[in-house]
**Q** 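This structure is in structure tokens; I'll ask about it shortly.
Both backbone and side-chain heavy atoms feed into the values below; hydrogens, waters and symmetry mates do not. For clarity, every value in this text was computed on a predicted model and none was experimentally measured.
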Amino acid sequence: MTQPEAPLSRYYDAATRDDAEFAEHFAHRFSTIDGVQMHYVIGGTGPQPIVLLHGFPETWYSWRPLMTELLPGHTVIAVDLPGLGDSTGEICRHDKASLARYVHLLLERLGYTSGVQLVAHDFGGGIAFALVTGWREQFGGLLLMDFPVAGGSLTYDTIRPLSFHFSFHSQEPLFEQLVAGRERIYLEYFYQANSPATPEPIPAHAVDEFVRAYSRPGVLHHGSRYYQVWPQDELDNREQMRTPLTIPVHLLAQAPLFDTFLAAIRGGAPDATGTPVASGHWMQHEAGEQVLAEIKRFYGYPA
């Protein structure tokens with residue numbers, strides 16, 4: 001039997017040490033894939049795996065409010081994306097197809113080679129699209145949350161003007177130099193800027209956890225690279241869209257962006273469905289009940 005890996009990230013469990021419900025149902029785990037120690041949280045014994053991929057600048061912890069409710073009949077796996085959160089190691093390529101390979105191999109190592117259900121938010125959606133198009137036999141569905149998939153009706157040149165941060169986050173080393181040591185100031189501003197109508201779009205305890213994670217050495221650097229490679233992601237997606245997806249795909253997006261984002265994902269999944277959400281970008285926190293209901297309905301949880 002393989003011995004559990006010792007974590008390279010010292011404070012990986014800072015947000016869950018006093019969480020009794022977490023301790024009852026979930027555990028932190030680590031597995032090194034091609035030199036990157038992947039951190040993930042796993043719980044449940046159900047036969048159906050459901051995998052949760054976060055966005056930037058969040059971690060697996062963005063899913064914590066929903067995870068217990070997703071346990072019936074499922075094994076729930078929330079992954080820290082390569083280079084982010086408490087996943088640790090050098091990454092040579094940050095295009096989403098290369099990053100997706102780490103997640104693909106992690107799931108293979110865990111024994112999940114078919115029928116995996118995916119739920120992904122923000123840049124987790126970019127990795128999820130690369131997963132379901134690159135390893136089609138491994139996945140049984142994709143629920144995509146508030147992410148513009150470039151390659152079809154959307155191009156990076158169209159996406160970039162939508163928000164200041166698409167350009168700012170890609171400025172390396174400037175982005176890191178300006179934010180390093182000021183992570184809390186910037187992240188609190190950034191969360192609010194992307195959900196201006198919600199007084200506290202992300203609760204304080206979650207902000208504390210995200211600040212901790214994004215203050216770790218290298219995490220801002222990797223996050224910046226996620227943005228820099230968007231033009232390459234567009235080219236890769238366009239090639240993959242030549243073969244349409246046949247698995248069920250469902251989109252949740254902010255109401256003002258919904259039609260644009262749905263048209264974009266239909267470039268690779270012509271039968272994709274969708275639901276507009278009356279919230280800002282941080283849907284797990286702002287519209288958790290609706291998100292949970294959509295996941296359960298899409299993946300056929302018992303009523």
**Q** Heavy-atom distance under 4.5 Å between the side chains of Pro201 and Gln192, does that happen here?
**A**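 With C-beta onward as the side chain, the pair touches.
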**Q** For residues Pro231 and Tyr156, report the shortest heavy-atom separation together with the two atoms involved.
**A**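 Looking at all heavy atoms of both residues, the closest pair is CG-CD2, 3.7 Å.
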**Q** Do Pro82 and Ser87 have side-chain heavy atoms sitting under 4.5 Å apart?
**A**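 They are not in side-chain contact.
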**Q** Any side-chain to backbone donor/acceptor pair from Asp146 onto Gln254? Under 3.5 Å, distance only.
**A**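 Yes, because the side chain of Asp146 sits within donor-acceptor range (under 3.5 Å) of the backbone of Gln254.
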**Q** Rounded to the nearest 0.5 Å, what separation is found between the CD1 atom of Ile42 and the OH atom of Tyr40?
**A**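 The distance works out to 5.5 Å.
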**Q** How many angstroms lie between CG in Leu107 and OG1 in Thr113, if you round to the nearest 0.5 Å?
**A**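 It is 10.0 Å, given to the nearest 0.5 Å.
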**Q** Do Thr68 and Arg64 pass the side-chain contact (heavy atoms from CB on, under 4.5 Å) test, and can you show the C-alpha distance, the side-chain angles, and the key distance before you say yes or no?
**A** CA-CA 8 Å; Thr68 304; Arg64 178 67 190 93; 3.4 Å; yes
**Q** Using a 6.0 Å cut-off, check whether atom CZ of Arg182 has over 12 heavy atoms from anything other than its own residue.
**A**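 12 or below, so no.
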**Q** Could you tell me the separation between the CG atom of Leu84 and the CG atom of Leu99, rounded to the nearest 0.5 Å?
**A**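 The distance works out to 8.5 Å.
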**Q** Decide if atom CZ of Arg101 counts as having more than 12 heavy atoms of other residues, nucleotides or ligands within a radius under 6.0 Å.
**A**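 Atom CZ in Arg101 is not crowded, with 12 or fewer foreign heavy atoms closer than 6.0 Å.
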**Q** For a quick test of reading the model, state the closest non-hydrogen atom pair linking Asn237 to Phe129 and the distance between them.
**A**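 Distance-wise, the nearest heavy atoms are OD1-CD2, 3.5 Å.
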**Q** Could you tell me whether Glu137 atom CD has more than 12 heavy atoms of other residues or ligands within 6.0 Å of it?
**A**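 Atom CD in Glu137 is crowded, with more than 12 foreign heavy atoms closer than 6.0 Å.
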**Q** If two hydrophobic side chains count as joined below 4.5 Å and joins carry through other members, does Leu235 share a cluster with Val229?
**A**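 Result: no, two separate clusters.
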**Q** I need the single residue from Tyr226, Phe190, Phe123 that forms a ring-ring contact (aromatic ring centres under 6.0 Å, His included) with His169. Which is it?
**A**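 For His169, the ring-ring contact (aromatic ring centres under 6.0 Å, His included) check succeeds only for Phe190.
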**Q** Does this structure show an ion pair linking Asp271 with Arg266, if we count only N-O contacts that are shorter than 4.0 Å?
**A**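 Here Asp271 does not pair with Arg266 in a salt bridge, since their nearest N and O are not under 4.0 Å apart.
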**Q** Leu70 vs Tyr301, test: side-chain contact (heavy atoms from CB on, under 4.5 Å). Steps then yes/no.
**A** CA-CA 9 Å; Leu70 293 175; Tyr301 277 72; 3.6 Å; yes
**Q** Please verify the inter-ring angle class for Trp230 with Phe166; under 30° counts as parallel, over 60° as perpendicular, anything in between as tilted.
**A**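 Rings of Trp230 and Phe166: perpendicular, over 60°.
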**Q** Would you say the side chains of His250 and Thr275 form a donor-acceptor pair under 3.5 Å?
**A**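 Their side chains do contain a donor-acceptor pair, which is all the 3.5 Å distance test asks for.
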**Q** Grab the two heavy atoms, one from Gly140 and one from Pro248, that are nearest each other, plus how far apart they are.
**A**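 Heavy-atom minimum between the residues: O-CD, 3.4 Å.
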**Q** Got a sec: does the OH of Tyr189 have more than 12 other heavy atoms crowding it under 6.0 Å?
**A**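 At most 12 heavy atoms, drawn from other residues, nucleotides or ligands, come within 6.0 Å of this atom.
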**Q** Hey, quick one: are Phe30 and Met38 part of the same hydrophobic cluster, counting side-chain heavy atoms closer than 4.5 Å, chains of contacts allowed?
**A**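 Phe30 does not cluster with Met38.
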**Q** Would you say CZ of Arg93 has more than 12 non-hydrogen atoms from neighbouring residues, nucleotides or ligands within 6.0 angstrom?
**A**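 Not more than 12 within 6.0 Å, no.
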**Q** Using a strict cut-off of less than 4.0 Å between a Lys/Arg side-chain nitrogen and an Asp/Glu carboxylate oxygen, indicate whether Arg225 and Glu176 qualify as a salt bridge.
**A**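 No.
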**Q** To the nearest 0.5 angstrom, please state how far the OG atom of Ser31 sits from the CG atom of Leu105.
**A**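 Rounded to the nearest 0.5 Å, the OG-CG separation comes to 9.5 Å.
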**Q** Between Asp122 (side chain only) and Gly124 (backbone N and O only), is there a donor and an acceptor less than 3.5 Å apart?
**A**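 No, Asp122 side chain to Gly124 backbone: no donor-acceptor pair under 3.5 Å.
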**Q** Any chain of hydrophobic side-chain contacts (each under 4.5 Å) joining Val36 to Leu8?
**A**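 Each belongs to a different hydrophobic cluster.
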**Q** Go through the side-chain N and O atoms of Asp236 and Gln232 and say whether any donor and acceptor fall under 3.5 Å apart.
**A**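 Short answer, yes.
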**Q** Are Tyr227 and Phe168 close enough that their ring centres sit under 6.0 Å apart?
**A**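 No - the distance between ring centres of Tyr227 and Phe168 does not fall below the 6.0 Å cut-off.
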**Q** Does the side chain of Leu52 come within less than 4.5 Å of Val76's, by heavy atoms?
**A**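 Of all side-chain heavy-atom pairs linking Leu52 with Val76, at least one is under 4.5 Å.
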**Q** Can you tell me how far the CH2 atom of Trp135 sits from the CG atom of Leu131, to the nearest 0.5 Å?
**A**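 Separation between the atoms: 6.0 Å.
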**Q** Any idea which heavy atoms bring Ile202 and Phe210 closest together, and the distance?
**A**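 Closest approach of Ile202 to Phe210, heavy atoms only: CG2-CE1, 4.0 Å.
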**Q** For the hydrophobic clusters of this structure (ILVMFWY residues joined by side-chain heavy atoms under 4.5 Å, transitively), does one cluster hold both Phe175 and Ile185?
**A**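 The answer is no; the residues belong to distinct hydrophobic clusters.
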**Q** Indicate yes or no: at least one non-hydrogen side-chain atom of Met145 is less than 4.5 angstrom from one of Gln284.
**A**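 A side-chain contact exists here, since the closest heavy-atom pair is under 4.5 Å.
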**Q** Taking the side chain as everything from C-beta on, heavy atoms only, tell me whether Ile50 gets closer than 4.5 Å to Ile295.
**A**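 Sidechains of Ile295 and Ile50: in contact.
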**Q** Side-chain donor-acceptor pair under 3.5 Å between Ser215 and Arg184, yes or no?
**A**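 No, no side-chain donor-acceptor contact under 3.5 Å.
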**Q** Counting only N and O atoms by type, is there a donor-acceptor contact under 3.5 Å from the side chain of Glu209 to the main-chain atoms of Thr59?
**A**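 The answer is no, because no donor-acceptor pair under 3.5 Å joins these two groups.
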**Q** Could you state the interatomic distance from CZ (Arg216) to NE2 (His221), rounded to the nearest 0.5 Å?
**A**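 Here the rounded value is 14.0 Å.
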**Q** Not counting sequence neighbours, which residues clear salt bridge (Lys or Arg N to Asp or Glu O under 4.0 Å) with Glu286? List them please.
**A**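 Counting only residues at least two positions away or on another chain, Glu286 forms no salt bridge (Lys or Arg N to Asp or Glu O under 4.0 Å).
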**Q** Please answer whether the main-chain N or O of Ser98 pairs with a side-chain N or O of Asp95 as donor and acceptor at a distance below 3.5 Å.
**A**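 Checked: pair present.
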**Q** Is Asp233 paired with Arg238 through a side-chain N to carboxylate O contact shorter than 4.0 Å?
**A**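 No, no charged N to carboxylate O under 4.0 Å.
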**Q** Evaluate the ring-ring contact (aromatic ring centres under 6.0 Å, His included) criterion for residues Phe56 and Tyr214: first the C-alpha distance (whole Å), next the side-chain angles of each, then the deciding distance (0.1 Å), finally the verdict.
**A** CA-CA 10 Å; Phe56 181 92; Tyr214 282 87; 5.3 Å; yes
**Q** Is there a donor in the side chain of His94 and an acceptor in the side chain of Gln228, or the other way round, less than 3.5 Å apart?
**A**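 There is no such pair (donor and acceptor under 3.5 Å, judged by atom type) between the side chains of His94 and Gln228.
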**Q** Using modelled atom types and a 3.5 Å cut-off, is there a donor and acceptor pairing between side-chain atoms of His74 and backbone atoms of Pro72?
**A**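 Yes: the side chain of His74 pairs with the backbone of Pro72.
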**Q** Taking the side chain as C-beta and beyond, is there a heavy-atom pair between His285 and Pro203 under 4.5 Å?
**A**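 Of all side-chain heavy-atom pairs linking Pro203 with His285, at least one is under 4.5 Å.
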**Q** Which atoms form the tightest heavy-atom contact between Trp63 and Ala78, and what is the distance?
**A**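 Nearest heavy atoms, Trp63 then Ala78: CD1-CB, 4.5 Å.
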**Q** Looking only at atom types and distance, does a side-chain atom of Ser195 sit under 3.5 Å from a main-chain N or O of His281, one as donor and one as acceptor?
**A**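 Yes; at least one donor-acceptor contact below 3.5 Å.
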**Q** So, Tyr299 side chain and Leu118 main chain: donor-acceptor pair closer than 3.5 Å or not?
**A**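 Checked: pair present.
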**Q** Could you state whether Tyr12 and Leu81 fall into the same hydrophobic cluster, counting links through intermediate Ile, Leu, Val, Met, Phe, Trp or Tyr residues with side-chain heavy atoms under 4.5 angstrom apart?
**A**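 Not linked; separate clusters.
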**Q** For Arg109, enumerate each residue passing the salt bridge (Lys or Arg N to Asp or Glu O under 4.0 Å) test, keeping only those at least two apart in sequence or located in another chain.
**A**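 Testing Arg109 for salt bridge (Lys or Arg N to Asp or Glu O under 4.0 Å), a comparison that skips the adjacent residues, returns none.
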**Q** Would you tell me whether His39 and His28 have side-chain atoms, one donor and one acceptor, within less than 3.5 Å of each other?
**A**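 On atom types as modelled, these side chains qualify, holding a pair under 3.5 Å.
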**Q** Looking only at heavy atoms, what is the nearest atom pair of Ala287 and Val277, with distance?
**A**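 Result for this residue pair: CB-CG1, 3.9 Å.
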**Q** Between Glu5 and Thr32, is there a side-chain donor-acceptor contact under 3.5 Å, judged purely by atom types and distance?
**A**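 Side-chain D/A pair, Thr32 to Glu5: present.
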**Q** Please state whether the rings of Trp60 and Phe22 are parallel, tilted or perpendicular, taking 30° and 60° as the class boundaries.
**A**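 Trp60 vs Phe22 ring planes: tilted.
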**Q** Under a 4.0 Å N-O cut-off, is there an ion pair linking Lys296 with Glu69?
**A**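 Looking at Glu69 together with Lys296, the answer is yes, because their closest N to O distance falls below 4.0 Å.
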**Q** So, Glu234 versus Thr155: side-chain donor-acceptor pair below 3.5 Å or not?
**A**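 No - no donor-acceptor pair under 3.5 Å links their side chains.
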**Q** Could you check Arg10, Arg212, Gln37 and say which one makes a side-chain hydrogen bond (donor to acceptor under 3.5 Å, both in side chains) with Asp86?
**A**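 Exactly one option meets the side-chain hydrogen bond (donor to acceptor under 3.5 Å, both in side chains) with Asp86, and it is Arg212.
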**Q** Answer yes or no: is there a side-chain heavy-atom contact under 4.5 Å between Tyr11 and Arg17?
**A**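 SC-SC contact between Tyr11 and Arg17 confirmed.
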**Q** Do Ile159 and Leu154 make a side-chain contact, defined as non-hydrogen atoms from C-beta onward lying under 4.5 Å apart?
**A**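 Of all side-chain heavy-atom pairs linking Leu154 with Ile159, at least one is under 4.5 Å.
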